[in-house]
Amino acid sequence: MRASDRAYATLLDEIQDGALPPGTVLGEVEQAARLGVSRTPLREALGRLAADGLVAQQSPRVTVVTPIDADDIREIFEVRRALEESAARLAAERGDAAAFADLEREFASSDLVGAEGLDAYYALIARFDRELDGAVSNDYLTAALRTVRTHLVRVRRLARDNPDRLAASVAEHRLIASAIAARDADLAAHATHVHLHNALSNILESLS
């Protein structure tokens with residue numbers, strides 16, 4: 001892994017998991033020393049994070065982690081809704097029906113008990129996203145989705161785990177997967193719309 005890639009991956013993880021919270025100052029000299037890289041690859045990494053919208057430059061040598069609030073979350077979900085509803089519709093038209101039928105069965109048997117159950121659920125969501133990206137077969141759309149998902153990791157961390165909401169989310173993903181497997185594009189898009197509406201409402205309620 002190149003030094004800039006390593007620095008980017010480390011800083012991305014630290015921003016997403018909250019080790020570097022919003023407002024953290026990322027001094028060029030200090031961060032280069034901490035990460036064990038020279039200043040050139042660090043600048044490349046910070047440039048990529050700035051393009052992601054995760055950091056902003058305050059001066060030539062000082063960068064800060066960007067804030068994220070309720071308005072930001074609403075804007076993220078506006079973009080997410082447009083992208084994911086389109087993706088669900090395209091997946092129903094183009095995707096591997098059998099693969100989504102398998103995912104539907106796995107959502108149906110999801111067990112959310114304990115940390116292991118939650119980890120398995122989030123891993124299943126990641127698999128669903130990868131299958132969706134492959135089914136869409138549109139590099140521009142999937143690149144846009146990847147950018148949105150980068151911010152969603154931060155958003156999810158801000159919201160408290162709600163057992164009732166997690167159970168509902170499982171059912172919502174199961175319906176989306178089932179609709180895609182059935183080649184029902186309208187239902188897939190509508191089920192995605194309902195899921196995102198409920199997810200946003202829960203996150204904003206949690207923040208308040």
Side-chain angles (χ1 to χ4, degrees), residues 16-17 68 70-138 141-208:
Q16 289 181 325
D17 68 16
I68 186 166
D71 288 337
D72 295 315
I73 293 169
R74 289 188 186 95
E75 291 176 2
I76 289 168
F77 268 78
E78 285 178 359
V79 177
R80 186 185 182 193
R81 188 157 44 236
L83 295 173
E84 291 197 9
E85 288 180 30
S86 294
R89 186 178 295 279
L90 290 172
E93 296 169 355
R94 304 172 179 174
D96 181 349
F100 283 96
D102 287 342
L103 285 166
E104 189 274 333
R105 285 190 288 271
E106 291 196 49
F107 281 117
S109 60
S110 290
D111 182 357
L112 298 175
V113 176
E116 290 184 1
L118 286 176
D119 287 344
Y121 168 64
Y122 287 121
L124 182 57
I125 294 293
R127 283 179 49 207
F128 175 84
D129 286 344
R130 288 193 298 271
E131 194 67 43
L132 191 71
D133 290 349
V136 165
S137 190
N138 181 320
L141 180 54
T142 53
L145 279 168
R146 280 194 297 273
T147 299
V148 170
R149 289 170 187 154
T150 297
H151 292 277
L152 285 175
V153 176
R154 298 178 79 194
V155 171
R156 290 190 184 112
R157 181 179 53 78
L158 293 173
R160 297 186 302 271
D161 282 337
N162 180 328
D164 291 338
R165 174 60 206 147
L166 287 171
S169 180
V170 171
E172 291 160 7
H173 276 95
R174 180 184 178 186
L175 178 57
I176 297 167
S178 175
I180 294 173
R183 304 284 189 201
D184 191 332
D186 288 339
L187 178 58
H190 179 69
T192 300
H193 179 91
V194 171
H195 166 65
L196 296 180
H197 171 81
N198 291 340
L200 175 60
S201 296
N202 178 73
I203 290 168
L204 294 177
E205 182 180 344
S206 177
L207 292 178
S208 64

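Keep in mind it's a predicted model, so treat the numbers as computed, not measured.
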Undergrad: Can we say Arg154 and Asp72 salt-bridge, meaning some charged N sits less than 4.0 Å from an Asp/Glu carboxylate O?
TA: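 Looking at Asp72 together with Arg154, the answer is no, because their closest N to O distance does not fall below 4.0 Å.
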
Undergrad: Under the ring-ring contact (aromatic ring centres under 6.0 Å, His included) rule, what pairs show up with a residue in residues 167-192, not counting sequence neighbours?
TA: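 Found Phe107-His173, Phe128-His173, His173-His195.
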
Undergrad: So which heavy atom on Ile176 is nearest to which on Ala191, and how close?
TA: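 So the two residues come closest at CG1-CB, 3.7 Å.
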
Undergrad: Using 0.5 Å steps for rounding, measure from the CD atom of Glu93 to the CD1 atom of Ile180.
TA: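 The CD atom of Glu93 sits 11.0 Å away from the CD1 atom of Ile180.
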
Undergrad: Checking Thr192 side chain against Ala188 main chain: does a donor-acceptor pair fall under 3.5 Å?
TA: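 Such a contact is found between Thr192 side chain and Ala188 backbone.
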
Undergrad: Using the side chain to side chain donor-acceptor pair (under 3.5 Å) criterion, which residues pair with Arg146? Sequence neighbours excluded.
TA: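 Checked Arg146 against side chain to side chain donor-acceptor pair (under 3.5 Å); zero matches.
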
Undergrad: For Arg130, which residues count as a salt bridge (charged side-chain N to carboxylate O under 4.0 Å, His left out) partner, sequence neighbours excluded?
TA: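 Salt bridge (charged side-chain N to carboxylate O under 4.0 Å, His left out) check on Arg130 returns nothing, list empty.
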
Undergrad: Measuring from Ile203:CD1 to Leu152:CG, what's the distance to the nearest 0.5 Å?
TA: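 Interatomic distance, Ile203 CD1 to Leu152 CG, rounded to 0.5 Å: 7.5 Å.
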
Undergrad: Between Ala135 and Phe100, what is the shortest heavy-atom contact and its length?
TA: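 Reported closest heavy-atom pair: CB-CE1, 4.0 Å.
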
Undergrad: Show me the pairs that pass salt bridge (Lys or Arg N to Asp or Glu O under 4.0 Å) and involve residues 171-184, at least two apart or across chains.
TA: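 Pairs touching residues 171-184 that pass the test: Glu104-Arg174, Arg165-Glu172.
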
Undergrad: Mind checking side chain to side chain donor-acceptor pair (under 3.5 Å) for Asp129 and listing every partner two or more places apart, or none if nothing turns up?
TA: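 Result, side chain to side chain donor-acceptor pair (under 3.5 Å) vs Asp129: none returned.
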
Undergrad: Where is the tightest heavy-atom contact between Ala92 and Ala185, given as atom of each residue plus distance?
TA: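 Smallest interatomic distance, heavy atoms only, reads CB-CA, 3.6 Å.
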
Undergrad: Can you sort out the partners of Asp71 under side chain to side chain donor-acceptor pair (under 3.5 Å), two or more places apart, ordered by chain and number?
TA: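 Scan of Asp71 (side chain to side chain donor-acceptor pair (under 3.5 Å), adjacent residues dropped) gives Arg74.
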
Undergrad: Please walk me through it: do Ile76 and Leu200 pass side chain to side chain contact (heavy atoms under 4.5 Å, CB included)?
TA: CA-CA 10 Å; Ile76 289 168; Leu200 175 60; over 6 Å; no

Undergrad: For the CZ atom of Arg149 and the CD atom of Gln16, what is their distance to the nearest 0.5 Å?
TA: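 Going from the CZ atom of Arg149 to the CD atom of Gln16 covers 13.0 Å.
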
Undergrad: Mind listing the side-chain donor-acceptor pairs of residues 77-85 below 3.5 Å, one per line with the distance, residues two or more places apart or on another chain?
TA:
residue	atom	partner	partner atom	Å
Arg80	NE	Glu84	OE2	2.8
Glu85	OE2	His193	ND1	2.8

Undergrad: State which residues pass side chain to side chain donor-acceptor pair (under 3.5 Å) with Arg94; sequence neighbours excluded, sorted by chain then number.
TA: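 Side chain to side chain donor-acceptor pair (under 3.5 Å) list for Arg94, sorted by chain: empty.
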
Undergrad: Name the atoms and distances for all side-chain donor-acceptor pairs under 3.5 Å in residues 118-126, with sequence neighbours left out.
TA:
residue	atom	partner	partner atom	Å
Tyr121	OH	Ser169	OG	2.6

Undergrad: Listed by chain and number, what are the salt bridge (charged side-chain N to carboxylate O under 4.0 Å, His left out) partners of Asp96, not counting sequence neighbours?
TA: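 Asp96 satisfies salt bridge (charged side-chain N to carboxylate O under 4.0 Å, His left out) with no residue once adjacent residues are dropped.
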
Undergrad: Kindly write out the residues that satisfy side chain to side chain contact (heavy atoms under 4.5 Å, CB included) with Ala87, not counting sequence neighbours, or none if the list is empty.
TA: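 Result, side chain to side chain contact (heavy atoms under 4.5 Å, CB included) vs Ala87: Leu132, Val136, Leu141, Leu145.
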
Undergrad: Would you sort out whether Val194 and His197 count as a side chain to side chain contact (heavy atoms under 4.5 Å, CB included), showing the intermediate values?
TA: CA-CA 5 Å; Val194 171; His197 171 81; 5.7 Å; no

Undergrad: Residues two or more places apart in sequence or in another chain: which of them pass salt bridge (charged side-chain N to carboxylate O under 4.0 Å, His left out) with Asp111?
TA: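 With sequence neighbours excluded, Asp111 shows a salt bridge (charged side-chain N to carboxylate O under 4.0 Å, His left out) to no residue whatsoever.
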
